[in-house]
Amino acid sequence: MIIGTLDGVVDELYSYWSVLPQGTKNRISQLVGAGNGLRKNPHLAARVERRFGMRLLWSRVSEEAAAGAARHATAMASRYLADGTA
């Protein structure tokens, strides 16, 4: 059951890849992994690499969602202050 779940996750990710134009796919040679689901599960990561046929690299930031939210908040606060509306 666990293997089936992992394969289902990988198939879901691959379905997004499969609809990309071939010209776009030809320019991609590496995958960047993000999120603890991949980072903390080497079995899932290995299945992703095998399915996509590419090496999986890791993001430099370990908590991608938190880092993205913080960056977004900073950008919005800067824009708000730049508008002179603060």
Side-chain angles (χ1 to χ4, degrees):
M1 184 162 55
I2 293 169
I3 297 300
T5 300
L6 294 178
D7 287 343
V9 169
V10 173
D11 287 346
E12 177 81 16
L13 294 171
Y14 194 81
S15 71
Y16 296 114
W17 168 262
S18 66
V19 297
L20 288 175
Q22 192 60 45
T24 301
K25 288 184 202 179
N26 291 341
R27 295 191 318 259
I28 298 172
S29 61
Q30 316 175 40
L31 298 174
V32 177
N36 287 336
L38 273 174
R39 189 180 303 278
K40 296 187 181 230
N41 190 332
H43 301 289
L44 179 59
R47 291 182 116 65
V48 167
E49 287 182 329
R50 187 168 45 245
R51 180 76 158 113
F52 283 82
M54 286 182 260
R55 183 172 168 223
L56 184 60
L57 304 175
W58 299 103
S59 161
R60 291 181 301 191
V61 178
S62 63
E63 292 294 337
E64 294 88 353
R71 284 184 177 181
H72 179 71
T74 300
M76 292 301 100
S78 295
R79 182 181 299 172
Y80 183 73
L81 295 172
D83 288 346
T85 54

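Small disclaimer: the values here were computed from a predicted structure and weren't measured.
Here Asp7 does not pair with Arg51 in a salt bridge; the nearest charged N to carboxylate O distance is not below 4.0 Å.
No path of Ile, Leu, Val, Met, Phe, Trp and Tyr side chains, each step under 4.5 Å between heavy atoms, connects Val32 with Leu13, placing them in separate hydrophobic clusters.
Under the salt bridge (charged side-chain N to carboxylate O under 4.0 Å, His left out) criterion, Arg39 pairs with Glu64, sequence neighbours left out. Residues that satisfy the side chain to side chain donor-acceptor pair (under 3.5 Å) test with Asn41, not counting sequence neighbours, are absent from this structure. Under the salt bridge (charged side-chain N to carboxylate O under 4.0 Å, His left out) criterion, Arg71 pairs with no residue, sequence neighbours left out. In terms of the side chain to side chain donor-acceptor pair (under 3.5 Å) criterion, residue partners of Gln22 (sequence neighbours excluded) are, by chain and number, Asn26.
In this structure, OH on Tyr16 lies 12.0 Å from CG on Leu20, to the nearest 0.5 angstrom. Atom CD of Glu49 and atom CG of Leu31 lie 8.0 Å apart (nearest 0.5 Å). Note that NE2 of His43 and CD1 of Ile3 are 7.5 Å apart. Values are rounded to the nearest 0.5 Å.
Summarising the geometry of Leu56 relative to Ala45, their closest heavy-atom pair is CD2-CB, 3.7 Å, with the distance given to 0.1 Å. Heavy-atom minimum distance, Gln30 versus Met54: N-SD, 3.6 Å.
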Please test Ile28 against Trp17 for side-chain contact (heavy atoms from CB on, under 4.5 Å), starting from the C-alpha separation and ending with a verdict. CA-CA 11 Å; Ile28 298 172; Trp17 168 262; 3.6 Å; yes
side-chain contact (heavy atoms from CB on, under 4.5 Å) evaluation trace for Arg47 with Val9: CA-CA 10 Å; Arg47 291 182 116 65; Val9 169; over 6 Å; no
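Within 6.0 Å of NZ on Lys40 lie no more than 12 heavy atoms contributed by other residues, nucleotides or ligands. Within 6.0 Å of CG on Leu57 lie more than 12 heavy atoms contributed by other residues, nucleotides or ligands.
Pairs of residues two or more places apart, or lying in two chains, never qualify as side chain to side chain donor-acceptor pair (under 3.5 Å) while including a residue from residues 52-61.
In the hydrophobic clustering, Val61 connects to no other residue, as no ILVMFWY side-chain heavy atoms lie under 4.5 Å from its own.
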